[in-house]
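Okay, structure first, notes after.
Fair warning: this is a prediction, and the values are worked out from it, not measured in the lab.
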Amino acid sequence: TMKVTQDDALSLLGKYEEERTSVLAVFGTPSQSVARVTGTIRVSVNGRGPHLLVGKNDDKADQIKFRLSDCVFEYGDFRGEESDKYEAFLVVASSKGDTLSLFEPKR
């Protein structure tokens, strides 16, 4: 994996948002709880910095929202059970220890 800047990460996320690519998002916390959502990406910026929203537009229950400030961004391929169907393109780690891994379906 390779560390990238927030600007790089935001431009990459913007590309996926524009193309309305459906991605798999896997959210993990230090206490090992995991949520998985498949859907499109939206990036919104408000006074508290950029937020990433992944999921279906109309289904609030099936969405993951993640604050992108104070995060470390890593880009690369990740091994694991997803690697045969998906290519991972970004992992976001917050200063609290939460991680959000984003996977693009292989074409």
| task | Would you mind listing every ring pair (Phe, Tyr, Trp, His ring centres under 6.0 Å) that reaches into residues 21-48, with sequence neighbours excluded? | result | Phe27-Phe66
| field | Sequence neighbours excluded - side chain to side chain donor-acceptor pair (under 3.5 Å) pairs with any residue from residues 13-28 | value | Tyr16-Glu104
| said: Restricting to side chain to side chain contact (heavy atoms under 4.5 Å, CB included), what partner residues turn up for Val45, sequence neighbours left out? | reply: Pro50
| remark: With sequence neighbours left out, the residues meeting side-chain hydrogen bond (donor to acceptor under 3.5 Å, both in side chains) with Ser33 are Thr29
| remark: Heavy-atom nearest pair, Leu102 first then Ala25, reads CD2-CB, 3.6 Å
| task | Only counting residues at least two apart or in another chain, list the ones meeting side-chain hydrogen bond (donor to acceptor under 3.5 Å, both in side chains) with Lys3. | result | Glu74
| query | Can you list the residues that meet the side-chain hydrogen bond (donor to acceptor under 3.5 Å, both in side chains) rule with Thr5, with sequence neighbours excluded? | reply | Asp8
| request: Calculate, to the nearest 0.5 Å, the distance between atoms CD1 and CD1 belonging to Ile64 and Ile41 respectively. | output: 11.0 Å
| With the 4.5 Å side-chain cut-off for hydrophobic clustering, are Met2 and Leu90 part of the same group? | yes
| request: Would you name the heavy atoms of Cys71 and Ser94 that are closest together and state the gap between them? | output: SG-CA, 3.8 Å
| task | Output, in order, the C-alpha distance, side-chain angles, deciding distance and verdict of side chain to side chain contact (heavy atoms under 4.5 Å, CB included) for Leu13 and Leu68. | result | CA-CA 11 Å; Leu13 292 169; Leu68 295 177; 4.1 Å; yes
| query | Can you name the nearest heavy-atom pair linking Gly55 to Gln63, along with the distance? | reply | CA-CG, 4.3 Å
| message | As an exercise, state the distance from CG of Leu52 to CZ of Arg67, rounded to the nearest 0.5 Å. | response | 13.5 Å
